[in-house]
Amino acid sequence: SWSCELNYYVEYALVGAPSTTPVLNIVSDQDPYFSRKNPQNTPYDIVGHCGGALRLHDAATVAILPGAGHNVFAEPQTRMLTRAFLETSFPE
């Protein structure tokens, strides 16, 4: 539920995985911490998701849940997205 961007909370917005490692980023468009909705992010040019940071990652998936808030783990879509990601990224 992090946007992988420089913001009020982090000094360095780096993805700590090689570009060949599957990465799943699920975030809300209304995240109170990592979206533009947070006034502390005003000085930063953020979009609110990891799309930019993961643009060179071959196996990255970015999912943006509308109106989910910060705890995307509680959203029913998260289970479906996670299952699809795992099945696609790590087939038997």
Rounded distance [0.5 Å steps], [atom1] in [X] versus [atom2] in [Y]:
{"X": "Asn25", "Y": "Ile64", "atom1": "CG", "atom2": "CD1", "answer": "8.0 Å"}
{"X": "Thr42", "Y": "Asn7", "atom1": "OG1", "atom2": "CG", "answer": "12.0 Å"}
{"X": "His57", "Y": "Cys4", "atom1": "NE2", "atom2": "SG", "answer": "8.5 Å"}
{"X": "Thr20", "Y": "Leu56", "atom1": "OG1", "atom2": "CG", "answer": "12.5 Å"}

Going only through I, L, V, M, F, W and Y residues with side-chain contacts under 4.5 Å, is there a path from [X] to [Y]?
{"X": "Leu81", "Y": "Phe73", "answer": "no"}
{"X": "Val72", "Y": "Val62", "answer": "no"}
{"X": "Leu14", "Y": "Leu6", "answer": "no"}
{"X": "Val27", "Y": "Leu54", "answer": "yes"}

Search all heavy atoms of [X] against all heavy atoms of [Y] and return the closest pair with its distance.
{"X": "Ser35", "Y": "Gln30", "value": "OG-C, 4.1 Å"}
{"X": "Ser28", "Y": "Gly67", "value": "OG-C, 3.9 Å"}
{"X": "Pro32", "Y": "Gly69", "value": "CD-C, 3.9 Å"}

(message) Applying side chain to side chain donor-acceptor pair (under 3.5 Å), can you list everything that pairs with Ser3, at least two apart in sequence or on another chain?
(response)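 Listed in chain order: Glu5.
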Spell out, as yes or no, whether a donor-acceptor pair under 3.5 Å connects the side chain of [X] to the backbone of [Y].
{"X": "Arg36", "Y": "Asn41", "answer": "no"}
{"X": "Asn38", "Y": "Tyr33", "answer": "yes"}
{"X": "Thr82", "Y": "Arg79", "answer": "no"}
{"X": "Arg83", "Y": "Met80", "answer": "no"}

(request) Could you give me the CA-CA distance, side-chain angles and deciding distance for Phe85 and Ile26, then say whether side chain to side chain contact (heavy atoms under 4.5 Å, CB included) is met? (result) CA-CA 11 Å; Phe85 172 79; Ile26 302 175; over 6 Å; no
(message) Counting only heavy atoms not in Tyr8 (residues, nucleotides, ligands), do more than 12 fall under 6.0 Å from its OH?
(response)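 Yes, because the 6.0 Å sphere around OH of Tyr8 holds more than 12 heavy atoms from other groups.
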(request) Give a yes or no on whether Tyr44 atom OH has more than 12 heavy-atom contacts from other residues, nucleotides or ligands under 6.0 Å away. (result)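 For Tyr44, atom OH is crowded (more than 12 foreign heavy atoms under 6.0 Å).
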(message) What verdict does the side chain to side chain contact (heavy atoms under 4.5 Å, CB included) test give for Ile46 and Phe34, after you've listed the backbone C-alpha separation in whole Å, the side-chain angles of each residue and the deciding distance to 0.1 Å?
(response) CA-CA 8 Å; Ile46 64 170; Phe34 301 122; over 6 Å; no
